[in-house]
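Working notes for the structure below.
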Amino acid sequence: MLVLPAELTHKQAAACLVMLRQATHTAGEETVVADASALTQFDSSALAVLLECRRSCLLEGKRFAVHGMPARLAELARLYGVAALLPPAV
């Protein structure tokens, strides 16, 4: 499981993405799950990071899901029309 930090804004996005891409690449699971439950301070950069992780997973033939997406982030995803690309983990 990929774990997002408590703060994920434009300032942290590039470093976070590097870390998550590496973890995505080495994950042995068929479905990679990003745990967003720790997110307390974020902006639309958090969506960009999640979408790029999803893209990395798809390129490797893996599925991608998000666990614990905060309501405000889910609202941003709906607003931007990308909510269906970030399905909840089951």
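- Heavy atoms only, all atoms of each residue included: L8 and C16 are closest at CD1-CB, 3.8 Å.
- Residue F64 comes nearest to L2 through the heavy atom pair CE1-CD1, 4.4 Å, listed as atom of the first residue, atom of the second, then distance.
- Between H25 atom NE2 and C57 atom SG the span is 11.5 Å, to the nearest 0.5 Å.
- Residues L17 and V3 are members of separate hydrophobic clusters, defined by side-chain heavy-atom contacts under 4.5 angstrom among Ile, Leu, Val, Met, Phe, Trp and Tyr.
- To the nearest 0.5 Å, the span separating CZ on R54 from CG on L85 amounts to 4.5 Å.
- We find the NE2-OG distance between H67 and S37 to be 4.5 Å, quoted to the nearest 0.5 Å.
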Next item on the list: Take L20 and V49 through the side-chain contact (heavy atoms from CB on, under 4.5 Å) test and state the conclusion after the steps.
Entry: CA-CA 9 Å; L20 293 176; V49 167; 3.6 Å; yes
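- In this structure, D43 and H10 have side chains that are in contact, with non-hydrogen atoms separated by less than 4.5 Å.
- Across all non-hydrogen atoms, the minimal contact from A36 to V66 is CB-CG1, 4.0 Å.
- Under the 4.5 Å side-chain heavy-atom criterion for Ile, Leu, Val, Met, Phe, Trp and Tyr, L86 and L73 are members of the same hydrophobic cluster.
- Closest approach of E29 to V32, counting heavy atoms only: O-CG2, 4.5 Å.
- Among residues two or more places apart in sequence or in another chain, the side-chain hydrogen bond (donor to acceptor under 3.5 Å, both in side chains) test is passed with R72 by none.
- Remark: E60 engages K62 in a salt bridge (Lys or Arg N to Asp or Glu O under 4.0 Å) (not counting sequence neighbours).
- Both M19 and L50 belong to a common hydrophobic cluster when Ile, Leu, Val, Met, Phe, Trp and Tyr are linked at side-chain heavy-atom distances under 4.5 angstrom.
- Residues Y80 and F42 fall within the same hydrophobic cluster, defined by Ile, Leu, Val, Met, Phe, Trp and Tyr side chains chained together at heavy-atom separations under 4.5 Å.
- Linking Ile, Leu, Val, Met, Phe, Trp and Tyr residues whenever their side-chain heavy atoms come within less than 4.5 Å leaves M1 and L51 in two separate clusters.
- Residues passing the side chain to side chain contact (heavy atoms under 4.5 Å, CB included) test with P88, sequence neighbours excluded: none.
- Remark: the backbone N or O of S56 is not paired with any side-chain donor or acceptor of R21 at under 3.5 angstrom.
- Of all non-hydrogen atoms in C53 and T24, the two that sit nearest each other are O-CG2, 4.3 Å.
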